[in-house]
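Computed from heavy atoms alone, side chains included, the values below leave out hydrogens, waters and symmetry copies. Start at 1 and go down the list; that is how both ligands and their atoms are numbered.
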Amino acid sequence: MSEPPSDCLFCRMVTGEIRPDVVRETDRTLAFRDINPQAPTHVLVVPREHHATLGALAAADPGLTAELVAAAHAVAVQEGLVTAEGAEPGYRLVANTGPQAGQTVHHVHLHVLGGRGLGWPPG
Ligand code: 5GP
Ligand code: ZN
């Protein structure tokens, strides 16, 4: 794990300095509603530990990467986007990496999007 920047927004949510609208938490992950939702359900899922990108997390801690994906799926189930073992009606996970993809917060996060038809290809 690289040293987190002291002003990392999502680290400040993990410590409770900023209080997001939490929908689910585990000992290693936190899920909260996006402040600027792009779909009826738009939840961000983060590891409590600071890693800048999904690739950096995968390289540093494959187990935590799997926990993050499982946590995102659990949010989708909790939000009624799918049944635990099904895929109907469905949801999308997004992990923006880097400026061209539109990453604005440099603490890895999965966007859980659902509740409407989602176009493809994405913008
Ligand atoms: P990115 O663009 O890095 O993939 O996603 C960052 C997300 O964080 C954006 O969807 C943005 O709306 C969300 N966000 C930015 N600031 C806040 C905040 O203060 N609270 C919450 N809940 N979400 C935020
Ligand atoms: Zn952070």
Heavy-atom closest contact (R116 atom, P40 atom, distance) | CG-CD, 3.8 Å

Indicate yes or no: at least one non-hydrogen side-chain atom of H42 is less than 4.5 angstrom from one of V112.
-> no

For P47, which of L110, D61, V108, V14 qualifies under side chain to side chain contact (heavy atoms under 4.5 Å, CB included)?
-> V108

Side chains of Y91 and L118: closer than 4.5 Å at any heavy-atom pair?
-> no

May I ask you to say whether E79 pairs ionically with R33, meaning some side-chain N is under 4.0 Å from a carboxylate O?
-> yes

The Zn ion (ligand 2) neighbourhood, protein N/O/S only, threshold under 2.8 Å = C8 SG, C11 SG, H50 ND1, H107 ND1

What's the shortest heavy-atom distance between Q78 and V23, and which atoms?
-> NE2-O, 2.6 Å

Gap between atom CG of L93 and atom NE2 of H111 - 0.5 Å precision | 10.5 Å

Is any side-chain heavy atom of C8 closer than 4.5 Å to a side-chain heavy atom of H50?
-> yes

Is the distance between the ring centroids of H109 and H107 under 6.0 Å?
-> no

List by chain and number: which residues place a heavy atom under 4.0 Å from ligand 1?
-> L9, F10, M13, F32, R33, D34, I35, N36, L44, N96, G102, Q103, T104, V105, H109, H111

